[in-house]
Protein chains: 2
Amino acid sequence: MPDHTYTISQLASEFDVTPRAIRYYEDRGLLNPARAGQNRIYTFRDRGRLYLILRGKRVGFSLAEIGEMLDLYDLDDGQVGQASAVLEKVQRRIAILERQKQDLDQVIFELRNDSRKIEVFLQANSGPIKFEMPMPAGTDPEYLEHPEAAAE
Amino acid sequence: MPDHTYTISQLASEFDVTPRAIRYYEDRGLLNPARAGQNRIYTFRDRGRLYLILRGKRVGFSLAEIGEMLDLYDLDDGQVGQASAVLEKVQRRIAILERQKQDLDQVIFELRNDSRKIEVFLQANSGPIKFEMPMPAGTDPEYLEHPEAAAE
DNA sequence: TGTATAGTTTACGTTTACGTCAACGTCAAT
DNA sequence: ATTGACGTTGACGTAAACGTAAACTATACA
């Protein structure tokens, strides 16, 4: 299977993207498929890179950022020029991703609550739904107890 | 504190965005600050909405999607027209977010590995670093044992 | 009174990530 | 021989999310 190759539309349909998108990734230097004459031929490794590209996209990376990360993975062939610089970048990226994960957890939590409330509403079919508007950090805790005290 | 109001630049510096961005969110219907003559005045609630907008952005929502979610939070005043339609949307969104979270976890895990390896390298200062290229689902497990068998 | 500061609108520019033709090559099958 | 099916390279279009002046207003302060 690893020595298998793929056409552009095979990969496109497997990963549910358009051939145009895949060619675009090549334009941006994220892929470098071999050619059979004029046609692109994708190796197993190319497929792996495409997988990483799409996963990177799903978590919000730009193609440029994904490119840097792929370069990282390509460093395995020797010359780790500025390892400490790379280290810094990777660690900054990890910090960003962890904040993102916290945000994600919170959003999921809130949406679950909303979902549950809507379900209850659909069962009871009566009364308005009360969603919660989360307060930003730094909110006076006293406000949470007596919100109606706030004159608008 | 809840009756406090904010100028555009106060919110901009607090949340580290430009006034231009905040006005743009208003253009897209995500904010509706009051006016003092010509100038915008943001209430505590407006600030909360801005907070939600930015958090939504961090997890990859488009402004249009964020707008829908904010509308969801505004449903608290009665009329839940198509609660079941909303429910569907919310649940689809949850599913997407959970996949995103899995991707995020995996990316973080891999970056941690890379980071650790770079650190070890910087200590030992010898030998090339071996990063791991994760395989997409469907990879022949046998390949993982004998990758060199793949002739390129 | 003048200037600095903060806000406003209008409008055009920019980047990213593709979509969408158009025009063409190639190979297999009818 | 021609018709698809699949591939290619331009080239232009587009939506999103702002950036960046330009020109103006209003308030504050020395």
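Naming convention: chains lettered A, B, ... in sequence-line order (proteins, then strands); numbering from 1 in each chain.
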In whole Å, I'd like the distance from the [atom1] atom of [X] to the [atom2] atom of [N].
X	N	atom1	atom2	value
Arg58(B)	dA17(D)	CZ	C1'	17 Å
Leu31(A)	dT8(D)	CG	C1'	17 Å
Ile53(B)	dA16(D)	CD1	C1'	15 Å

What is the per-nucleotide protein-contact pattern of nucleotides 8-27 of chain C, from the 5' end, where B denotes a base atom under 4.0 Å from a protein heavy atom, S denotes such proximity for sugar-phosphate atoms only, and - denotes neither? BB-B-----BBBB-------
Kindly write out the residues that satisfy salt bridge (charged side-chain N to carboxylate O under 4.0 Å, His left out) with Arg58(A), not counting sequence neighbours, or none if the list is empty.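 Testing Arg58(A) for salt bridge (charged side-chain N to carboxylate O under 4.0 Å, His left out), a comparison that skips the adjacent residues, returns Asp103(B).
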Pairing residues for Arg93(B) by the salt bridge (charged side-chain N to carboxylate O under 4.0 Å, His left out) criterion, not counting sequence neighbours: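 With sequence neighbours excluded, Arg93(B) shows a salt bridge (charged side-chain N to carboxylate O under 4.0 Å, His left out) to Glu65(B), given in chain and number order.
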Can you tell if the side chain of Ile108(B) reaches within under 4.5 Å of the side chain of Leu111(B), non-hydrogen atoms only?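 When only atoms from C-beta onward are counted, Leu111(B) and Ile108(B) do not touch, as no gap falls below 4.5 Å.
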Results of side chain to side chain donor-acceptor pair (under 3.5 Å) for Ser9(A) - residues two or more places apart only: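 Listed in chain order: Thr7(A).
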Name all residues meeting the side chain to side chain donor-acceptor pair (under 3.5 Å) criterion together with Lys101(A); count only those two or more places apart in sequence or in a different chain, and write none if there are none.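 Counting only residues at least two positions away or on another chain, Lys101(A) forms a side chain to side chain donor-acceptor pair (under 3.5 Å) with Asp105(B).
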Return a table of donor-acceptor pairs under 3.5 angstrom between the side chains of residues 28-36 of chain B and protein atoms on other chains or two or more places apart.
{"from": "Arg28(B)", "atom 1": "NH1", "to": "Tyr24(B)", "atom 2": "OH", "distance (Å)": "3.3"}
{"from": "Arg35(B)", "atom 1": "NH1", "to": "Gln38(B)", "atom 2": "O", "distance (Å)": "2.8"}
{"from": "Arg35(B)", "atom 1": "NH2", "to": "Glu26(B)", "atom 2": "OE2", "distance (Å)": "3.4"}

N/O (side chain, Thr7(B)) to phosphate O (OP1/OP2, dG7(C)) under 4.0 Å: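 So the side chain of Thr7(B) is within the cut-off, an N or O lying under 4.0 Å from OP1 or OP2 of dG7(C).
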